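One structure is given here, and the rest of the page talks about it.
Note that the coordinates shown come from a computational prediction; the quantities given were computed from them, not determined experimentally. Atoms considered below: every heavy atom in the structure, side chains included; atoms not considered: hydrogens, waters and symmetry mates. Below, chains carry the letters A, B, ... as their sequence lines are ordered, and counting in each starts from 1.
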Protein chains: 2
Amino acid sequence: MTTENFDTTEEAEIRALVNDRLVAIRLKNVNQLMYGYAPGILSFDVVGPLQYSGPEAIKARMEEWFSTFKGNIGLELSDLSIAAGKDVAFQCGLSHVSGTKIDGGELDMWWRETIGYQKIDGNWIITHQHSSVPFDVKSGKASLDLQP
Amino acid sequence: MTTENFDTTEEAEIRALVNDRLVAIRLKNVNQLMYGYAPGILSFDVVGPLQYSGPEAIKARMEEWFSTFKGNIGLELSDLSIAAGKDVAFQCGLSHVSGTKIDGGELDMWWRETIGYQKIDGNWIITHQHSSVPFDVKSGKASLDLQP
């Protein structure tokens with residue numbers, strides 16, 4: 001895994017997709033975001049259910065999530081690592097999400113994110129994503145206030 | 001991602017490692033388990049903290065977790081998918097974990113698991129793992145009783 005500035009071609013390709021995805025989420029651009037997903041995408045999201053299968057389920061979930069924000073979403077990645085081969089790649093790191101919700105509350109939290117890519121017909125596409133927060137064993141609560 | 005029986009060489013190699021890892025966890029064999037991890041392993045675990053870096057942190061965590069079980073751990077994978085290239089691969093799926101805790105309680109839960117591999121010096125090694133349960137927005141509780 002690399003966090004260096006000297007990327008291979010594949011690492012540079014993935015890094016460009018990471019940046020495109022960040023912009024799409026910040027601007028709540030669902031259509032742009034969906035462009036990156038494979039038909040067979042399997043998603044493990046921060047909130048339930050256990051899994052989402054297929055782009056339509058993800059699209060509905062993202063539209064619902066985006067609609068809870070007033071204005072753009074703040075999203076920065078920290079400790080991003082990329083492992084990229086010729087036709088399989090993955091990234092992992094921490095996402096810092098912030099913004100004003102339509103109910104007036106402020107969201108400011110970190111979660112872990114892993115994204116898996118495969119090159120299909122010459123194009124990198126996301127076939128798996130996994131976002132989560134850990135939980136606290138004693139309280140059974142999700143740990144929503146952790147920081148790196 | 002494939003769930004077929006007709007694996008490429010790399011898929012077969014990863015599938016063998018998946019099975020080795022299952023056996024190591026079931027038998028609570030920490031040393032066997034640690035054999036699969038890269039020096040730069042980054043782990044996002046089901047419980048806090050946000051991340052574990054390096055084999056020593058994972059070893060301590062696994063020893064602690066194993067010690068909470070009376071006897072072996074029940075562990076089965078469901079919906080396993082593997083994407084394997086020449087030198088980067090990942091797997092994702094659901095883990096069903098069960099067993100008797102030393103406090104007498106029974107554990108029986110499902111979580112999501114993603115594991116990333118890189119081939120280094122000719123050997124596949126785990127450079128990233130991400131295990132989690134989602135949480136329920138309304139209660140703020142981790143969802144520990146979900147089933148696929």
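Rounded to the nearest 0.5 angstrom, Leu50(B) CG and Trp110(A) CH2 are separated by 8.5 Å. To the nearest 0.5 Å, atoms CH2 (Trp111(B)) and CZ (Phe44(A)) are separated by 13.5 Å. Note: Leu42(B) CG to Thr114(A) OG1 = 8.0 Å, rounded to the nearest 0.5 Å. Here the CG-CG distance, from Asp87(A) to Asp87(B), works out to 8.5 Å after rounding to the nearest 0.5 Å.
Neither the backbone nor the side chain of Ala38(A) comes within contact range of chain B, judged by heavy atoms closer than 4.5 Å.
Placement of Leu27(A) and Met34(A) in two distinct hydrophobic clusters is found when ILVMFWY residues are connected by side-chain heavy-atom separations under 4.5 Å, directly or transitively. Note on Val23(A): it does not cluster hydrophobically with Val97(A), by side-chain heavy-atom contacts below 4.5 Å among ILVMFWY residues. Follow the hydrophobic side-chain contacts under 4.5 Å out from Tyr52(B) and you never reach Ile125(B); the two are in separate clusters. Residues Tyr37(A) and Ile120(A) are members of separate hydrophobic clusters, defined by side-chain heavy-atom contacts under 4.5 angstrom among Ile, Leu, Val, Met, Phe, Trp and Tyr.
A donor-acceptor contact shorter than 3.5 Å links the side chain of Arg112(A) to the backbone of Asp45(B).
Pro49(A) and Pro134(B) get closest at one heavy-atom pair: O-CG, 3.8 Å.
With a 6.0 Å radius and a threshold of 12 heavy atoms from other residues, nucleotides or ligands, Tyr35(A) has its OH atom at or below the threshold. Summarising the local packing, NZ of Lys86(B) is surrounded by 12 or fewer heavy atoms from other residues, nucleotides or ligands at distances under 6.0 Å.
Among the residues in residues 138-148 of chain B, those with a non-hydrogen atom closer than 4.5 angstrom to a non-hydrogen atom of chain A are Ser139(B), Gly140(B), Lys141(B), Ala142(B), Leu144(B), Leu146(B), Gln147(B), Pro148(B).
The only option from His130(B), Gln129(B), Gln51(B), His128(B) that meets the side chain to side chain contact (heavy atoms under 4.5 Å, CB included) definition with Cys92(A) turns out to be His128(B).
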